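Order of appearance sets the numbers: ligands from 1, and atoms from 1 within every ligand. For clarity, every value in this text was computed on a predicted model and none was experimentally measured.
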Amino acid sequence: MEDFIRHLPKVELHLHIEGSLEPELMFELAERNNITLPYANVEEAREAYHFHNLQSFLDIYYQGANVLLTERDFFDLTWAYLMRCKADNVMHTEIFFDPQTHTGRGIAFDTAINGIYHALRQGEKELGITSQLIMCFLRHLSEEAAFETLEQAKPHLHRLVGVGLDSSELGHPPEKFARVFAEARALGLTTVAHAGEEGPASNIYDAIELLHVSRVDHGVQCTQDPALVELLAQTRMPLTVCPLSNIKLRVFDRMEDHNILSLLDKGLCVTVNSDDPAFFGGYMNDNFLALNRALSPSKEQLTQLTRNAIEAAFVDKDTRQSLHQKLDDFSANHGVH
Ligand code: ADE
Ligand code: ZN
């Protein structure tokens, strides 16, 4: 089964590029940019990656991003992630970046997006991995700051497929960003939002009703409300679930307790994603393998997880068709019905 999982074609829809900064690259960039890190070495950094909730992670995550200064740094970060995609048979990826994490410390919006975007284009040409870019607003910052960020994005709209909402969920509900999301939609951007990760099921309703999201990031708290689970199944609203992240941030105590397969069996469009792989113990294969060890999914369930991600991807008809074809070919070759 582990071999099957490693070779399974995959689509990733929930990945924070800043969360793919491995300690090795963090040290390399710190040296290149003359920055002193709060860790003596790579091992000490990894040792610090023990979290008790979302906020305890975010504090360390934002600190790590301080080593990213130049376009080349953002390029190298994104390229390193794409190499992991290649190794894990990820055919298509839709990545988040947090412009405010960078503009807030004096790095230009253009510096971040140029580096990331050029790496994504090179990944398409040289690795055959298609991609999309989603800009997230930090929800612990103000509505006004989000509007400013949207303004900075205007010269780059052709490079963005949508906007998202991340950072501290508790105390920062979707309604705070209803107006800036409305403007983003008016500019032709799709919308997604983190909701129901640590926060209540009502945040999932509100992301759908007030932010008009096309996908919900995480969403695993939906099981607090059976009517919501029913609605998500009926509408096939995609949930971008992140199994290893949920364990590291104590959303579930143990992978054996994770609800992804039970939601899958109820007909929800759940997908598997790595969120912040450098901090949570792994990339796409690691997430699928961890699910396999704890929950023993069938080959049909595993392929359905990729089929859901293809259904939920922000791609044109031809790209979606070609992704489905690759998965169908794999299934036929591996006796999946
Ligand atoms: N930013 C990076 N990872 C995140 C997560 N899991 N939840 C909220 N904000 C994030
Ligand atoms: Zn996330």
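- Distances below 4.0 Å separate heavy atoms of Phe57 from the following atoms of ligand 1: 2 (C), 3 (N).
- Counting atoms of ligand 1 from 1 in the listed order, those under 4.0 Å from a heavy atom of Glu197 are 5 (C), 6 (N), 7 (N), 8 (C).
- Judged by a 6.0 Å distance limit and a 45° cone about the ring axis, Arg293 is not positioned over the six-membered ring of Phe288.
- Closest approach between the Zn ion (ligand 2) and any N/O/S atom of Asp275 involves OD1.
- Side-chain N or O atoms of Thr111 include none that pairs as donor or acceptor with a backbone N or O of Ile107 at under 3.5 Å.
- The aromatic ring centres of Phe279 and His16 sit 6.0 Å or more apart.
- When Arg139, Glu198, His16 are checked for heavy-atom proximity to atom 4 (C) of ligand 1, His16 turns out nearest.
- Of all the atoms in ligand 1, the ones that sit under 4.0 Å from a non-hydrogen atom of Asp275 are 3 (N), 5 (C), 6 (N).
- Cluster membership check: Val315 does not share its hydrophobic cluster with Leu189, using side-chain heavy-atom separations under 4.5 Å among Ile, Leu, Val, Met, Phe, Trp and Tyr.
- For Tyr117 and His156, the ring centers sit 6.0 Å or farther from each other.
- Here the heavy atom of the protein found nearest to atom 3 (N) of ligand 1 is Asp276 OD2, 2.6 Å.
- Classification of Arg6 and Glu2 as a salt-bridged pair holds, one side-chain N sitting under 4.0 Å from a carboxylate O.
- Between Ser245 and ligand 1, no N or O atom pair is found at a separation short of 3.5 Å.
- Contact between Leu58 and ligand 1 is present, with at least one heavy atom of the residue lying under 4.0 Å from the ligand.
- Here Asp276 does not reach the Zn ion (ligand 2): none of its N/O/S atoms is less than 2.8 Å from the metal.
- Between Ser167 and ligand 1, at least one pair of N/O atoms sits closer than 3.5 Å.
- Within the coordination shell of the Zn ion (ligand 2), defined by N, O or S atoms under 2.8 Å, Cys242 is absent.
- Taking a cut-off of under 4.0 Å to the non-hydrogen atoms of His218, the atoms of ligand 1 that pass are 6 (N).
- Applying the 6.0 Å contact sphere to CZ of Arg46 captures more than 12 heavy atoms from other residues, nucleotides or ligands.
- At a 4.0 Å cut-off, not a single heavy atom of Glu18 sits close enough to ligand 1 to count as contact.
- Ion pairing between Glu126 and Arg121 fails under the 4.0 Å rule for side-chain N and carboxylate O.
- The Zn ion (ligand 2) lies under 2.8 Å from an N, O or S atom belonging to His14.
- At a cut-off of 3.5 Å, with distance as the only test, no side-chain donor of Asn89 or His7 sits close to an acceptor on the other residue.
- Closest N/O/S atom of His194 to the Zn ion (ligand 2): NE2.
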Side-chain donor/acceptor pairs under 3.5 Å, residues 146-153, sequence neighbours excluded:
from   : atom 1 : to     : atom 2 : distance (Å)
Thr149 : OG1    : Ala145 : O      : 2.9
Glu151 : OE1    : Lys154 : NZ     : 3.1

